[in-house]
Amino acid sequence: MSQISGQELNRNRVVDWALMVYIVLAYAFVFAPIAASFVFSFNSDRFPSIPLGDFSLEWYRAVAADPLVWQGLTNTLVIGVVVGVVSTALGFGAAYTDYRYKFMGKQVYLALALLPPTIPVIILGLAMLAYLSRIDLSGRAISVIISHVVVCAPFAMAIIRLRLSQMDPALEPAAWNLGASEWATMRHVIIPFTKPAIFGALFITMAVSFDEFAVAWFVSGLNETLPVKVLGFLQGQVSPRINAIGTFVFVTSMTLVILAQILLSGRTAAPRSSTVDKE
Amino acid sequence: MQRDTLVSFEGVVKRFGTFVAVQKMDFEIRKGEFLAIMGSSGCGKTTTLRMLAGLEAPSEGTIRLSGKPINHLPTWERDTPMVWQSLALFPFLNVRENVEFALKMRGVGKAERRRRAEQWLDRMQILEFAERNIAQLSGGQRQRVALARSLVVEPEILLLDEPLSALDAALKVRMQAVLKNLQRETGITFVYVTHSQSEAFSMADRVVIMSRGRIEQIGSPQEIYGAPRTRFVADFLGSSNIFTGPVTATSGQGLEISTKDGPVRLAGPVAAMPGQGAEATITVLDTKTHLSVARPEGDVNVLPVRVIGEEFIGATATIYAETDSGHEIKVQKSHDELASLPISAGQPLFAWWSPSDSHHVGAA
């Protein structure tokens, strides 16, 4: 109640409107290129120009008819799913280790585990190429998977770690105390508790892998993923097909990210049992 | 070992690095009793409970349950369920699933699990909430779920780690009655850790008072209240006036010590009589200490004091006064008894009590 009256008291219509306009402009700036790409993907004209030509699905048809695009898409999807699963599993292990154990050099362990996303992707891509070719793993789908796991696992770890930090520290020992072995506790308490974060991490890491270009470009060889393929198209000729692919990639990524968002924001504040209230 | 002993601690020590949380602990928990372990934070009471639950391993010594050493039994193989301070209910399970958890882990079949869980939910008067989420329950209802969850395996012993600390005062008193009745009806041994004197003294058959990893006293609430065994206990309970000084006279009928404010006498038998000249501590309960305007006659201890202030606690009031040397004396009386006294700051009065109400504690 006091919250509402407080809000009412502090309201200033002019400031409200100014902030609203500011937000609209900021979003417009951010999303204009994507929106343009989306609009032109349905435009019959060869070159993006205004006024628009007719509504047309011909660029989607052209993309769908291109076996190279299908191959890129298949690569991207397979790699994305494998990367998502592996990164989430690794991230979960790393996050649980951090939650459960105290050990010498834990700060170093954490710093190293969370480091990869801070390395410039060009450097990471080059290093990956040099390393993977030395152990004879470059130019294959597995090369992209390995490289993407390196990039994605820290995201998964960060997401799952956040969830574990919201867990009542007594929950795990309480399960042991009720007769659950450590494995049973993992299965019946830790995993159910972190489940939203596990799926959130799965979708986010898939989305990251799906969009990632630089590292994939270095290590993919002939097994190009869709973003790498797009660059190939651009180098050859500018075609509205790019817009069609771009729209598809954007929608897919957004779907994954929004799914993750729903999972992670839905009742993340785990109810603590120790609230004071009356019967 | 007595026949009715359920748990025994034999020379148990617990160290965390260089910090000694529990030092050389020897005591027994009797079958079917309500035992409270009380002390201020950091005294080792929770560590003691966690060792019994198998959540901490003793550094030295042996803990026996029904005569068998359990030191190296992991907590999931012991039948020592615990009610946690935070309750630690599983937020992703509903009420019934929470209660069924321990049975599920023991491989009890689905139908049997459900039957036994519902029986306990009914007993705790929360059966109607069986399918609810934990987040939808009030504090008191959660307490009941936590109790049902621990008791559903029908253990010999139940451990409780300050389970009432998050409740408001009225609900706390109500839950104390629930716990006490539950313990009486089931005959399950309760070990209840708390820092609250009122919780410990109102529910427990016996109370263990701990300080700095050591047991200071074990006894019934009446014993401890009436005869604190150490200076620490007397201080901790806060209901005694305490006097320390060298012994000036001893006899079969009592002893006398000399304090800065004059002699203080004790009449009655004294266990472990201190020698002449040794430091001794004499206490007297604040309820057995009296105040008067005129110097009382007869065989009493008398100290001239000045009133510092007064504190109301429901039907009684505590008068705080100090002697010339600054030693604090408190007197607890009903408002009627105090009505005839001029109580105002600085007022000179006489504090007095019968030497037979004096009590000797170890000098520690």
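Letters go in sequence order (proteins before strands), and every chain restarts at 1.
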K.L.:
If every non-hydrogen atom of A174(A) is compared with every non-hydrogen atom of R149(B), which pair is closest and at what distance?
P.N.:
CB-NH2, 4.0 Å
K.L.:
Which heavy atom in F92(B) sits nearest to a heavy atom in H188(A), and how many Å separate them?
P.N.:
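Residues F92(B) and H188(A), closest heavy atoms: CE1-O, 3.3 Å.
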K.L.:
What residue in P81(B), A170(B), A146(B) has the most heavy-atom pairs under 4.5 Å with chain A?
P.N.:
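Greatest number of close heavy-atom pairs with chain A: P81(B).
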K.L.:
side-chain contact (heavy atoms from CB on, under 4.5 Å), that's the test. Do M105(B) and L178(A) meet it? Break it down for me.
P.N.:
CA-CA 8 Å; M105(B) 293 304 119; L178(A) 289 167; 5.7 Å; no
K.L.:
For K195(A), is the NZ atom crowded, meaning more than 12 foreign heavy atoms sit under 6.0 Å from it?
P.N.:
no
K.L.:
Give me the atom names and distance for the closest heavy-atom approach of T80(B) to N177(A).
P.N.:
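Result for this residue pair: O-ND2, 2.8 Å.
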K.L.:
State, with a plain yes or no, whether a side-chain heavy atom of F90(B) is found less than 4.5 Å away from one of P192(A).
P.N.:
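Side chain of F90(B) against side chain of P192(A), heavy atoms only: no contact under 4.5 Å found.
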K.L.:
Using a 6.0 Å cut-off, check whether atom CZ of F38(A) has over 12 heavy atoms from anything other than its own residue.
P.N.:
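Incorrect, the count does not exceed 12.
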K.L.:
Where do S86(B) and D168(A) come nearest, in terms of heavy atoms and distance?
P.N.:
OG-OD2, 2.6 Å
K.L.:
Please indicate whether R100(A) has more than 12 foreign heavy atoms, meaning atoms of other residues, nucleotides or ligands, lying under 6.0 Å from its CZ.
P.N.:
yes
K.L.:
For A180(A) and W76(B), work out which heavy atoms get closest and say how close.
P.N.:
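It is O-CB, 3.4 Å.
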K.L.:
Please say whether more than 12 non-hydrogen atoms of neighbouring residues, nucleotides or ligands are located less than 6.0 Å from OH in Y27(A).
P.N.:
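Incorrect, the count does not exceed 12.
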K.L.:
CZ of F213(A): more than 12 outside heavy atoms within 6.0 angstrom?
P.N.:
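More than 12 within 6.0 Å, yes.
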K.L.:
Chain A heavy atoms under 4.5 Å from R50(B): which part of the residue, side chain, backbone, both or neither?
P.N.:
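It is neither, since no heavy atom gets under 4.5 Å.
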